[in-house]
There are 2 protein chains.
Amino acid sequence: MTVDGRLVRGERTRTAVLDQALRLATVNGLDGLSLSQVADALGVSKSGLFAHWRSKQALQLAVIEHARAQWTDEVIKPALRSPRGVRRLWALHDRRLAFYEARVLPGGCFFANANFEFNARPGVIRDRLGVQLDDWMAFLTRLATEAVENGDLRRVDPGPLAFLVESLGVCAVMQAPVLGHDVTFRHARRALLDHLRAVTTDPSILAELS
Amino acid sequence: MTVDGRLVRGERTRTAVLDQALRLATVNGLDGLSLSQVADALGVSKSGLFAHWRSKQALQLAVIEHARAQWTDEVIKPALRSPRGVRRLWALHDRRLAFYEARVLPGGCFFANANFEFNARPGVIRDRLGVQLDDWMAFLTRLATEAVENGDLRRVDPGPLAFLVESLGVCAVMQAPVLGHDVTFRHARRALLDHLRAVTTDPSILAELS
DNA sequence: CTACAAAACGACCGACCGTTCGTAAATATT
DNA sequence: AATATTTACGAACGGTCGGTCGTTTTGTAG
């Protein structure tokens, strides 16, 4: 929020806190997020954080929202510029991998980490992550359905196909730091390409893809 | 370890501790594992744990080994009873899913959870998990290679295929608690079956599979 | 310049953590 | 039965955590 062109004092720190908190939460876990560490890393006092968020959980939820907005801007929107159909589905997969290749920032995917972390821990956080995952899978399924309706695919259920795309993306960001970015991302791209080639009606559509 | 047919006193508690610790670590995270909680859940004193493991990290490493042994007995060995080739590759996928369907125990897959948790946290734990993952992928790749050498598959790189199998398994145990076991496992099975059908030379091999 | 409101601060609290240590109980040995 | 040795125990320590509160600093308006 801006007033007269200048940043309100608290607003600048607000986004700075969310950036730092997202970074730390991605590395140490959303639950392992330490308010003390966030404050120290920014050179502000820990108690000052409670002026913006009433509790740690409130900050955690804000971090989730922050990550969601970032994901929308940097992955979903660019992918939607590709032509609808199989190529758009591939574009999303490619953008996702590129998103993690670009930033050498450690910690992998915040959402994947958080989902695994809260897999068996019911509560507000778990519910919020569940809604995000539901929306994301619905979006992927819609893309797969569009590809089928376009006549690009044959004999394919959109659900399992969306699940396959998601699986390759999730597993890639998990294995990349351990087994090496090069081989992991190559496998993730190659596996989906092989699959699409096998189920696409007109393979020439895929010729331009790497 | 047994002496004269009777359990040494400490040994019974040792495996009980590892079972409980594995359960808690799967839910709360390997780093979120609390020695106090382990001791309380078993009705033993916290300080007594240090007689068996010199530190929390030592117990964490023992838990990893415990999980590995369990995984070998309940997933790998049964799958190896299937005939070599595509059917054995499918059997492993199926056994893995059945392993998590059978135990309604919450927390998903310990190894997946731990890998994501320590993705960006170098150290002894990270190294140990990395070796496990490396071995596991090598095993999967060997199964895929066998399927190719058997003549079951066409135009397929074993590496990406192994990566695909692993991806579907990992993602299934991540989504199952959130989106429901039924739809998630169905998608995980269907996606691999579709893929195998598309790349198998003799589809009749897959007829018997669900 | 003064006065007011918002925001950041530092000190502090209770809770939980991993770890250590002296002691008591349980087992093994003579 | 008495001794020696292993094993588990409870209390306590230092440290970090999330959260609270009174004070001081900062920015704004009259």
Side-chain angles (χ1 to χ4, degrees), chain A residues 1-25 27-64 114 117-118 121 123-125, chain B residues 1-25 27-64 114 117-118 121 123-125:
Chain A
M1 186 181 301
T2 59
V3 172
D4 205 65
R6 287 188 316 107
L7 284 170
V8 175
R9 178 165 56 142
E11 186 59 20
R12 187 176 55 238
T13 70
R14 209 190 107 92
T15 64
V17 167
L18 286 178
D19 282 337
Q20 187 67 43
L22 176 56
R23 200 169 304 130
L24 285 172
V27 173
N28 298 326
L30 187 52
D31 201 60
L33 177 65
S34 160
L35 301 186
S36 305
Q37 285 183 20
V38 173
D40 289 352
L42 291 166
V44 300
S45 69
K46 178 176 55 172
S47 55
L49 298 179
F50 288 85
H52 295 283
W53 301 275
R54 73 182 64 183
S55 67
K56 177 182 177 178
Q57 189 179 84
L59 177 61
Q60 289 173 315
L61 291 172
V63 166
I64 294 177
E117 186 179 359
F118 284 86
R121 300 160 77 175
V124 180
I125 307 272
Chain B
M1 187 181 302
T2 57
V3 172
D4 205 66
R6 287 188 313 111
L7 283 170
V8 175
R9 178 164 58 139
E11 186 59 22
R12 188 176 55 237
T13 71
R14 209 190 106 93
T15 64
V17 167
L18 287 178
D19 282 337
Q20 186 68 44
L22 175 56
R23 201 170 303 131
L24 285 172
V27 173
N28 299 326
L30 188 53
D31 201 60
L33 177 65
S34 162
L35 300 187
S36 305
Q37 286 182 22
V38 173
D40 288 352
L42 291 167
V44 300
S45 70
K46 179 173 53 171
S47 54
L49 299 178
F50 288 85
H52 294 283
W53 302 275
R54 70 183 65 183
S55 66
K56 176 181 177 177
Q57 189 179 85
L59 177 59
Q60 290 173 316
L61 291 172
V63 166
I64 294 177
E117 186 179 358
F118 284 86
R121 301 162 77 175
V124 181
I125 307 272

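What you see is a predicted model, and the numbers here were worked out from it, not measured in a lab. First the proteins, then the strands, lettered A, B, ... as listed; each starts at 1.
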Practice problem: Measure the distance from CZ on A:Arg54 to P on D:dT20 and round it to the nearest whole Å. | Solution: 11 Å

Quiz item: Does the side chain of B:Asn28 reach to within under 4.5 Å of the side chain of A:Asp31, using non-hydrogen atoms?
Solution: no

Quiz item: To the nearest Å, how far apart are A:Leu59 CG and D:dG19 C1'?
Solution: 14 Å

Quiz item: What is the nucleic acid contact for A:Gly43, judged by heavy atoms within less than 4.0 Å: base, sugar-phosphate only, or nothing?
Solution: sugar-phosphate

Quiz item: A:Gln60: what forms a side-chain hydrogen bond (donor to acceptor under 3.5 Å, both in side chains) with it, not counting sequence neighbours?
Solution: none

Quiz item: Under 3.5 Å, side chain of A:Gln37 to main-chain N/O of A:Leu24, donor-acceptor pair present?
Solution: no

Quiz item: Who passes side chain to side chain contact (heavy atoms under 4.5 Å, CB included) against B:Ser55, sequence neighbours left out?
Solution: B:Gln57, B:Ala58

Quiz item: Can you check whether A:His52 has a side-chain N or O nearer than 4.0 Å to OP1 or OP2 of C:dA8?
Solution: yes

Quiz item: Is it true that a side-chain atom of B:Gln20 and a backbone atom of B:Leu42 form a donor plus acceptor pair closer than 3.5 Å?
Solution: no

Practice problem: Specify the separation, in whole Å, of atom CG of A:Asp31 and atom P of C:dC17. | Solution: 12 Å

Quiz item: How close or far is atom P of D:dA8 from atom CH2 of B:Trp53, stated in whole angstroms?
Solution: 10 Å

Practice problem: Would you mind listing every salt bridge (charged side-chain N to carboxylate O under 4.0 Å, His left out) that reaches into residues 38-63 of chain A, with sequence neighbours excluded? | Solution: none

Quiz item: Between B:Ala51 and A:Ser47, which is nearer to the 5' end of DNA chain D once each is assigned its nearest nucleotide?
Solution: B:Ala51

Self-check item: Contact check, side chains of B:Trp53 and B:Leu18, non-hydrogen atoms, under 4.5 Å
Solution: yes

Exercise. Could you tell me the separation between the CZ atom of A:Arg14 and the P atom of C:dA7, rounded to a whole number of Å?
Key: 12 Å

Quick one: which protein N/O atoms are closer than 3.5 Å to N/O atoms of nucleotides 13-17 of chain D? Pair and distance per line, please.
from	atom 1	to	atom 2	distance (Å)
D:dC17	OP1	A:Ser34	OG	3.0

Exercise. Round to the nearest Å and state the distance from B:Phe50 atom CZ to C:dT20 atom P.
Key: 7 Å

Exercise. Rounded to the nearest angstrom, tell me the gap between atom CG in A:Leu49 and atom C1' in C:dA8.
Key: 10 Å

Quiz prompt | Closest to the B:Ser55 side chain, choosing from C:dA11, D:dC9, C:dT19 | solution = C:dT19

